[in-house]
There are 2 protein chains.
Amino acid sequence: MDAPTKPDTRGEILKTTLQLLGRRSYHSFSYNDISQILGIKKSSIHYHFPSKEILAVESVKKYYEKIEYLLNKLDNFTTDPWVKLDEFFNFFKILLERNEVCVGGILTAEVSTLPNSVTVETIKVFNRVFDYLANLLKISRDNGIMGFSGDPRSRAVMIMSSIEGALLLSRMFNNIQLFTDAIQIIIRDLCI
Amino acid sequence: MDAPTKPDTRGEILKTTLQLLGRRSYHSFSYNDISQILGIKKSSIHYHFPSKEILAVESVKKYYEKIEYLLNKLDNFTTDPWVKLDEFFNFFKILLERNEVCVGGILTAEVSTLPNSVTVETIKVFNRVFDYLANLLKISRDNGIMGFSGDPRSRAVMIMSSIEGALLLSRMFNNIQLFTDAIQIIIRDLCI
DNA sequence: TTTATTCTATCTACTAGTAGGTAGGTAATT
DNA sequence: AATTACCTACCTACTAGTAGATAGAATAAA
């Protein structure tokens with residue numbers, strides 16, 4: 001058994017920031033929120049992240065890692081594209097159950113007032129997901145497992161558009177069924 | 001010919017607010033922005049709208065009217081549901097061309113930090129649109145013009161989810177094609 | 001091994017700027 | 001005279017951020 005690890009303040013700050021981004025928005029949380037949640041002073045946060053921009057950039061990078069971990073886990077877990085999609089959608093459903101939505105969706109909605117460096121990282125997340133989904137869709141259609149028409153990448157983008165939109169609406173209407181219904185339609189439209 | 005109409009400061013404030021909401025977000029514009037754009041002082045805005053919450057509520061109500069006007073115009077213009085949908089989607093495409101997105105989508109993304117009264121008005125807008133689309137879809141399928149499967153209202157919600165998501169992503173990627181591709185898929189998936 | 005120095009990570013105290021908002025004043029209109 | 005619609009001047013609260021201090025840990029030197 002290892003000795004007690006030293007507290008990871010930096011990591012806790014990032015984790016808290018991601019939660020705040022998933023529940024609120026970039027402009028709706030402040031260093032003061034984090035300091036109260038973690039019981040440290042604002043200047044301690046500034047020590048680890050000298051500006052809010054840097055904090056957000058690092059947070060989005062961490063989010064990218066979480067997405068990367070999810071996608072790798074899907075590929076290690078199964079080769080069945082339907083199961084992969086199911087688990088992929090489930091990742092977002094679990095966010096909803098915690099009253100969060102996708103950090104990417106939040107930042108996308110605020111993009112016109114975001115520091116550019118944050119936008120750049122956000123775009124990377126989406127492109128990673130688009131690539132993954134487009135590849136999955138293409139292979140599945142080539143194998144005759146799926147029957148959708150049109151360009152796989154456009155379909156991938158449209159799936160993520162639907163997911164982001166459905167997450168936001170589902171949260172506003174306080175109705176998870178709204179999200180799961182949308183997922184059913186997305187899946188059904190892939191079958192034809 | 002009428003005499004010069006008196007300046008409609010209240011209306012100009014509302015119009016400017018809607019533009020700011022469509023380009024930024026609730027938390028990313030301030031009375032100061034409006035005062036600079038219109039060349040009036042903040043307190044003059046406060047005179048017409050004593051609080052930001054009231055300003056937002058009135059703005060969303062005005063947006064509801066714009067949507068209502070759009071939907072009525074569609075119904076007066078044609079009975080062809082494909083043309084109606086095309087024109088409906090075009091309304092949002094024109095927003096993109098002005099570097100705006102749907103006010104409803106913006107507010108939905110910020111809902112966790114909005115005054116409740118603003119949320120209530122936003123929900124009304126969406127329900128209006130869901131009702132309209134669900135009705136259009138149901139009639140069109142009953143008439144054999146459309147071939148989608150599943151509940152028309154769920155399909156309507158999913159269409160709006162896709163539109164909101166695609167608007168946000170299209171704006172972020174600075175690529176209108178992203179939006180128009182999504183629209184193509186939405187329409188195509190209604191044909192089966 | 002002990003001591004000195006450097007590094008890390010937190011703190012207190014403070015800043016400039018901006019947000020939403022208020023109170024009182026004034027000119028024009030009714 | 002009352003109302004409307006604008007103004008100046010100001011307020012509190014909060015934001016992101018800064019400077020300096022300090023304690024503990026790690027490293028280097030004797």
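Model, not experiment: these values are computed from the prediction. Here is the naming used below: chain letters follow the sequence lines, and residue numbers restart at 1 for every chain.
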Under 3.5 Å, is there an N or O donor on one side and an acceptor on the other linking the side chain of A:K52 and the base of D:dG17? no
Parallel, tilted or perpendicular: which describes the rings of B:F126 and B:F130, with under 30° parallel and over 60° perpendicular? tilted
Expressed as a whole number of angstroms, how long is the span from A:H46:NE2 to D:dA21:C1'? 18 Å
Would you indicate what B:F29 reaches in the nucleic acid, counting non-hydrogen atoms under 4.0 angstrom: base, sugar-phosphate, or nothing? sugar-phosphate
OH of B:Y47 versus P of C:dG24: gap in Å, rounded? 17 Å
Does C:dA19 have its OP1 or OP2 closer than 4.0 Å to a side-chain nitrogen or oxygen of B:S30? yes
Could you tell me the separation between the NE2 atom of B:H27 and the P atom of D:dC14, rounded to a whole number of Å? 15 Å
Are a donor atom and an acceptor atom from the side chains of A:H27 and A:T113 found within less than 3.5 Å of each other? yes
Whole-Å distance separating the OH atom of B:Y31 from the C1' atom of D:dC6: 15 Å
Rounding to an integer number of Å, can you tell me how far A:I45 CD1 sits from C:dT8 P? 20 Å
Residue pair B:Y31 / B:L55, side-chain heavy-atom distance below 4.5 Å: yes
Is A:H48 near enough to C:dT10 that one of its side-chain N or O atoms lies under 4.0 angstrom from OP1 or OP2? yes
Below 4.0 angstrom from OP1 or OP2 of D:dT15, is there any side-chain N or O of A:N32? yes
Within the structure shown, what part of the strands sits under 4.0 Å from B:S43 by heavy-atom distance: base, sugar-phosphate, or nothing? base
From the options A:R10, A:K52, A:K15, select the one residue that forms a salt bridge (charged side-chain N to carboxylate O under 4.0 Å, His left out) with A:E58. A:R10
note: B:L38, atom CG; D:dC7, atom P; distance rounded to Å ~ 11 Å
Nearest-nucleotide comparison on DNA chain D, the residue closer to the 5′ end among A:P50 and A:D33: A:D33
To the nearest angstrom, the CD1-P distance between B:I34 and C:dT18 comes to 17 Å
For atom OH of B:Y26 and atom P of C:dA19, their distance in whole Å: 14 Å
side-chain N/O A:S44 vs C:dC11 OP1/OP2, d < 4.0 Å: yes
Determine whether A:S30 and A:D33 make a side-chain contact, defined as any pair of heavy atoms from C-beta on separated by less than 4.5 Å. yes
